[in-house]
Amino acid sequence: MATSWNITLNDTSPVFTYYPYYDGFGTGNGWQIWYSETGYNTVPANPGVGISAHITSLPGANVTLSFYGTGIELHGTANCTFDITVDGIFSSSLSSPGDVLYSNQALSEGTHSLTLTAHPASGQQLAFENAVIYIDQPIPQMASYSNTNTTFLNYTGNWSAGTDAHVPGGTFHFTETLGSSVSTTFGGSSAVVAQGIVNWGNWQYTVVRI
């Protein structure tokens, strides 16, 4: 019998698609990222400190996720109603008095699509913090590599190293040069995650898998 396990996807993960945009200025215009220690960002590309949440006061703002699993929970808070659509099945005018916006542990194992749509009235808002994905499969093994590991990572272009106590290991690499890249080669894996700052003020990037 397979072991049941779960993975938590933070609201800042690129697996989420936000409408009308990922992060900007003002919750009434769309989504804005809030941090438990530093609040809303007031300077572009500010990394923020603490637990994050995407907050919106815009009616019709939504977040979409495609995932593989047997169950899902959405965590956050809302003083407004919202809709949930899972695999085309629509549930309207939902509300949550606690920190679990939605939970469904009875999905068939496979790929699913979920959309959360906020319907705040004046003075209301919805805050989305994370999604917990459940799956009945053997627990995977994980290996992690620091951005300073130039044996595993190949940097091209113009990169600089910075330090920040809130970054795992304390060191990060950044570039302001168009076309700079970092690459690696690996095999025998079922998933890969590249971590970095992606909030308001940082520029666009592409990921190529060969």
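How far CZ of Phe152 is from OG1 of Thr184: 3.5 Å, rounded to the nearest 0.5 Å. For the atom pair OG1 of Thr77 and CD of Glu129, the computed distance is 6.0 Å after rounding to the nearest 0.5 Å. For the atom pair CG (Leu9) and NE2 (His75), the distance works out to 11.5 Å, reported to the nearest 0.5 Å. Taking OG of Ser160 as the start and CZ of Phe172 as the end, the distance is 9.5 Å to the nearest 0.5 Å. If you take CG on Asn6 and OG1 on Thr70, they are separated by 10.0 Å, rounding to the nearest 0.5 Å. Taking CG of Leu65 as the reference point, atom OG of Ser113 lies at 7.5 Å (rounded to 0.5 Å).
Tyr102 and Val132 fall into different hydrophobic clusters, where Ile, Leu, Val, Met, Phe, Trp and Tyr side chains are chained together by heavy-atom contacts under 4.5 Å. Phe16 and Tyr134 fall into different hydrophobic clusters, defined by Ile, Leu, Val, Met, Phe, Trp and Tyr side-chain heavy atoms under 4.5 Å apart, directly or through other members. Under the 4.5 Å side-chain heavy-atom criterion for grouping Ile, Leu, Val, Met, Phe, Trp and Tyr, Phe25 is not connected to Tyr21 through any hydrophobic cluster. A single hydrophobic cluster is not seen to contain both Leu153 and Phe174; linkage of ILVMFWY side chains at heavy-atom distances under 4.5 Å, directly or through other members, places them apart. Linking ILVMFWY side-chain heavy atoms closer than 4.5 Å, directly or via other members, places Ile135 and Val15 in a single hydrophobic cluster.
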The test is side chain to side chain contact (heavy atoms under 4.5 Å, CB included); show your working for Ile72 and Val86 and say whether it passes.
CA-CA 10 Å; Ile72 187 170; Val86 179; 5.7 Å; no
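One side chain, Thr115 or Thr64, offers a donor N or O that lies under 3.5 Å from an acceptor on the other.
Counting heavy atoms from C-beta on, the side chains of Cys80 and His119 never come closer than 4.5 Å. For the pair Phe128/Thr56, no side-chain contact is recorded, criterion being any heavy-atom separation below 4.5 Å from C-beta on. Two residues are said to be in side-chain contact when any heavy atoms from C-beta on lie closer than 4.5 Å; Ile55 and Gln32 fail this criterion. Gln125 places none of its side-chain heavy atoms less than 4.5 Å from the side chain of Trp34. For the pair Asn104 and Ile84, the minimum side-chain heavy-atom distance is 4.5 Å or more. Proximity of Val192 to Phe186: side-chain heavy atoms (C-beta onward) are separated by under 4.5 Å at one or more points. Residues Val49 and Tyr35 are not in side-chain contact: their nearest non-hydrogen atoms beyond the backbone lie 4.5 Å or more apart.
Side-chain atoms of Asn158 do not come within 3.5 Å of backbone N or O of Ser180 as any donor-acceptor pair. With hydrogens and angles disregarded, a donor-acceptor distance shorter than 3.5 Å links the side chain of Asp23 to the backbone of Ile33. Between the side chain of His54 and the backbone N or O of Tyr22, at least one donor-acceptor pair lies under 3.5 Å.
The number of heavy-atom neighbours closer than 6.0 Å to CD1 of Ile51, taken from other residues, nucleotides and ligands shown, is 12 or below. Atom CD of Glu176 has 12 or fewer neighbouring heavy atoms from other residues, nucleotides or ligands inside a 6.0 Å radius. In this structure, Glu109 places its CD atom where more than 12 heavy-atom neighbours from other residues, nucleotides or ligands lie under 6.0 Å away. For Tyr40, the OH atom sits in a packed shell: over 12 heavy atoms of surrounding residues, nucleotides or ligands are nearer than 6.0 Å.
Here the closest non-hydrogen pair linking Ala61 and Pro20 is CB-CD, 4.4 Å. Across all non-hydrogen atoms, the minimal contact from Pro120 to Pro59 is O-CG, 3.4 Å. When all heavy atoms are compared, the tightest approach of Gly123 to Asn79 is O-ND2, 4.1 Å. Nearest heavy atom pair, residue Asp83 against residue Ser92, reads OD1-CA, 3.2 Å. Residues Gly69 and Ile133 share a closest heavy-atom pair of CA-CG2, 4.4 Å.
Taking the six-membered ring for Trp and thresholds of 30 and 60 degrees, Trp159 and Tyr155 have ring planes more than 60 degrees apart, a perpendicular arrangement. Using cut-offs of 30° and 60° on the angle between ring planes, the pair Tyr18 and Trp31 is perpendicular.
Residues that satisfy the side chain to side chain contact (heavy atoms under 4.5 Å, CB included) test with Ser96, not counting sequence neighbours, are Phe82, Leu101. Residues meeting the side chain to side chain donor-acceptor pair (under 3.5 Å) test with Ser52, sequence neighbours left out: Asn10, Asp11.
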